[in-house]
*Asks:* 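Have a look at this one before I ask anything.
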Number of protein chains: 2
Amino acid sequence: MAATIFDVAKRAGVSIGTVSRVVNNRDRVHPDTRERVLKAIRELDYHANALARGLASQETATLGLVIPQVNDPFFFQVVRGVEEAASAANYALLIASQSRLTASEHRYLHLFRRGHVDAMVLASIEVHVHEVQEIMRQGIPIVLVQLDIGKNIPTFLADNYSGGRGIAEHLVLEHHYRRVAFITGTNHTPDSRERLRALRDVLEENNLDLPAHYIVQGDYLRDSGYQAMQQLLNLSERPEAVFAANDQMAIDAMMAIRERGLRIPEDIAVVGFDDIPMASYVSPPLTTVHQPVYELGWHAAHMALEIINSDQAMIAPRKMLLPTSPVIRRSCGC
Amino acid sequence: MAATIFDVAKRAGVSIGTVSRVVNNRDRVHPDTRERVLKAIRELDYHANALARGLASQETATLGLVIPQVNDPFFFQVVRGVEEAASAANYALLIASQSRLTASEHRYLHLFRRGHVDAMVLASIEVHVHEVQEIMRQGIPIVLVQLDIGKNIPTFLADNYSGGRGIAEHLVLEHHYRRVAFITGTNHTPDSRERLRALRDVLEENNLDLPAHYIVQGDYLRDSGYQAMQQLLNLSERPEAVFAANDQMAIDAMMAIRERGLRIPEDIAVVGFDDIPMASYVSPPLTTVHQPVYELGWHAAHMALEIINSDQAMIAPRKMLLPTSPVIRRSCGC
DNA sequence: TGATACAATGAAAACGCTTTGATATAATGT
DNA sequence: ACATTATATCAAAGCGTTTTCATTGTATCA
């Protein structure tokens, strides 16, 4: 059995209150006493029980993170960011992934609510505003990542619009492409929508058209980029450039293009979004937009901890856009 | 404030003991009473406090996972496997990553030992046998993943040797390459060592030589494959095939080869190990060995839970090799 | 009908800590 | 010298559960 605070107290010849004070550096303790206590702690290899501590102090020093149940390295970066921020503050990290099965019942929310965590970070999951608000009402701060449900909840998002604009302007202004197509993401999510809006705006500003048949539906996953590209290639007037809502699809689109015997970027230019590791390895290397994924996680965790330690008073800005930056490689024609 | 067991008890007109029994389905409770209690629970939206429960029952229903602090999608798969096994058993998952900074003091071990978790899974981290044994002695089962320190600790490993043999035999027996080089991993880790041993054995069995200058040191990371390949290309007698200890380096080696104006696989064949997502996207697609990463995580977690529920009695086999399988693509010459 | 078993519940003792209020001792001021 | 104030410590009351033991009420048996 591991040593308890009583064992330490007995060995040091003090009360458990004093041991607690030494351990937590609270109040003042006579130097001699402190030394005796520390010695006893060392000798017994004492470590305060986290559960008991949490129960007594109503603070668990634990952060909860919920991520979607997808096989996407993308989220690993979020996890890293959150983990690093948490562990820097000496917080533990409790992770739950939202599986397709339990999406409806949101088990993890219960899991976490049971006094397990001091705050939660929700990343890209499906969740209703009510649930979030309900949890916040119970005093558990929540920070959202890549998940915009408005309603005055602290949220960290990548600036999809300006990233989209950056890459769109590159295509239109630098390369002078006039026929640009877009491959959307799943159900046309807000992310995908923003990126499309950026493209549309840039084209409009330059008096260019974005016909409906140049917008093809994809689902962010591998195959869909290929399929979507097929459609575009079958058009009587092929686009000169294709903007895919993410790199995965862009890379797949490239395969479809090559299979037709066309060259990239000479015949058709391709750009993506995300800047996944693979993007720099395909040939030609994919021009894309870098997403600050790690940073999103880090900032979100950081803010969550901040809210905890600030009595959850008003933490000013409710929605933070983190900058995205175009990564110009070769697939755009550069 | 969230409702406690007292609130429920009062509302249902019973004692807290009865509520506890209903919640945990322990002992028998009169159907009518149970109904009343359940009703109260529903009305108050009661959820038992995990900390209090853990403290009283000495079980946290939480699994601890420690992963290295590297930016490697590889580990994300381990996490997924562990998470899925844990959540299937209604266990929460506590994650800590071993940062370079804290590697020496192993903070997470303390973090977890403080009664936080019922068992731990350690994946690919640097850790001393003593520490592990110390923790096990305190009654916390540990399962290792991709981390072989012997000593009767349950361990899940990918079968590096047989995977290495598979790919080596493919190179030697099918393609009849005679001059095969090897690029090692960091500090020549056990993994890398096993893969090399496999190659060496296969070559030997076929009366082929593996000269020292055909074994070049890498470090598993991006650049090192490139550097190592340079060395090999500068040799007076270039190898016909290169076996890199992981895909990352193999892909980098391919770049080095192409930069010299040589063709893959015509001039030099390249094979890797891991089967990372990128492997199928490079051109030519990389022949490699698939690692059951997700499965490693899943099995490890599963075993950890099994040990918990079996009174930690003898769980038979101490070291489990999970099969790896060659994935033949194009870079080998097929 | 009285003794006996069983079912259903309650009361209270852990679990290991934090934190408050009380107490004893030492230092300071008059 | 005595009252006052700081300082250092202790004792005990939570925190929200689980779990054991005791108690009551009801059905079963001789």
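A, B, ... follow the sequence lines: proteins, then strands. Residue 1 opens every chain.
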*Asks:* Within a strict 4.5 Å, meaning less than it, do heavy atoms of the A/Y294 and A/E84 side chains meet?
*Replies:*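 In contact.
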*Asks:* Within the structure provided, determine whether B/P323 and B/D159 are in side-chain contact (heavy-atom separation under 4.5 Å).
*Replies:*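 They are not in side-chain contact.
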*Asks:* Considering heavy-atom distances to DNA chain C, does A/T18 or B/V14 have its closest nucleotide positioned more toward the 5' end?
*Replies:*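 Mapping each residue to its closest nucleotide by heavy atoms, the 5'-most match is B/V14.
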*Asks:* Can you tell me the distance, in whole Å, between the NE2 atom of A/H116 and the C1' atom of D/dG16?
*Replies:*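 Taking NE2 of A/H116 and C1' of D/dG16, I get 14 Å after rounding.
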*Asks:* Taking only residues two or more places apart in sequence, or in another chain, which ones meet A/H302 in a side chain to side chain donor-acceptor pair (under 3.5 Å)?
*Replies:*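 A/H302: no side chain to side chain donor-acceptor pair (under 3.5 Å) contacts found.
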*Asks:* Atom CD1 of B/I5 to atom C1' of D/dT19: distance rounded to whole Å?
*Replies:*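 One finds 11 Å between C1' of D/dT19 and CD1 of B/I5, rounded.
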*Asks:* B/E59 side chain to B/D118 main-chain N or O, any donor-acceptor pair under 3.5 Å?
*Replies:*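 No, B/E59 side chain to B/D118 backbone: no donor-acceptor pair under 3.5 Å.
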*Asks:* Under the salt bridge (Lys or Arg N to Asp or Glu O under 4.0 Å) rule, collect the residues that match up with B/R28, sequence neighbours excluded.
*Replies:*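 So B/R28 forms no salt bridge (Lys or Arg N to Asp or Glu O under 4.0 Å) with any residue.
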*Asks:* Restricting to nitrogen or oxygen on both sides, can you table the protein-nucleotides 11-15 of chain C pairs closer than 3.5 Å?
*Replies:*
| unit_1 | atom_1 | unit_2 | atom_2 | d |
| --- | --- | --- | --- | --- |
| C/dC15 | O3' | B/Q58 | NE2 | 3.4 |
| C/dC15 | O2 | B/A56 | N | 3.4 |

*Asks:* Quick check: does any side chain N or O of B/T60 sit under 3.5 Å from a backbone N or O of B/H116, one acting as donor and the other as acceptor?
*Replies:*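 Yes; judged by distance alone, with no hydrogens or angles, the pair exists.
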*Asks:* Rounding to 10 degrees, work out the angle separating the end axes of the helix from C/dT1-D/dA30 to C/dT30-D/dA1 (five pairs an end).
*Replies:*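 Computed angle between terminal axes is 50°.
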*Asks:* May I ask you to list the residues of residues 24-45 of chain B, by number, that have any heavy atom positioned under 4.0 Å from an atom of DNA chain C?
*Replies:*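 Those residues are B/R28, B/V29, B/H30, B/T33.
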*Asks:* Just do the side-chain contact (heavy atoms from CB on, under 4.5 Å) check on B/T18 and B/R36 with the steps written out, would you?
*Replies:* CA-CA 11 Å; B/T18 301; B/R36 279 215 316 287; over 6 Å; no
*Asks:* So B/V23, base contact, sugar-phosphate only, or nothing? Heavy-atom distance under 4.0 Å.
*Replies:*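 No contact.
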*Asks:* Roughly how many Å is it from CZ in B/R53 to P in C/dG16, rounded to a whole number?
*Replies:*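 One finds 18 Å between P of C/dG16 and CZ of B/R53, rounded.
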*Asks:* In the structure I gave you, are the side-chain heavy atoms of A/E83 and A/L65 within less than 4.5 Å of one another anywhere?
*Replies:*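 Not touching, per the 4.5 Å side-chain cut-off.
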*Asks:* Tell me, please, which residues at least two apart from B/Y46 pass side chain to side chain donor-acceptor pair (under 3.5 Å).
*Replies:*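 Expected list: none.
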*Asks:* I'd like to know if A/R42 pairs up with A/E35 as an ion pair, taking the criterion as any Lys NZ or Arg NE/NH1/NH2 lying under 4.0 Å from an Asp or Glu carboxylate oxygen.
*Replies:*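 Here A/R42 pairs with A/E35 in a salt bridge, since their nearest N and O are under 4.0 Å apart.
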*Asks:* Does A/R137 pair with A/E134 as a salt bridge, N-O distance under 4.0 Å?
*Replies:*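 Looking at A/E134 together with A/R137, the answer is yes, because their closest N to O distance falls below 4.0 Å.
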*Asks:* Does OP1 or OP2 of C/dT18 have a side-chain N or O of A/S20 closer than 4.0 Å?
*Replies:*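 A/S20 to C/dT18 OP1/OP2: side-chain N or O found under 4.0 Å.
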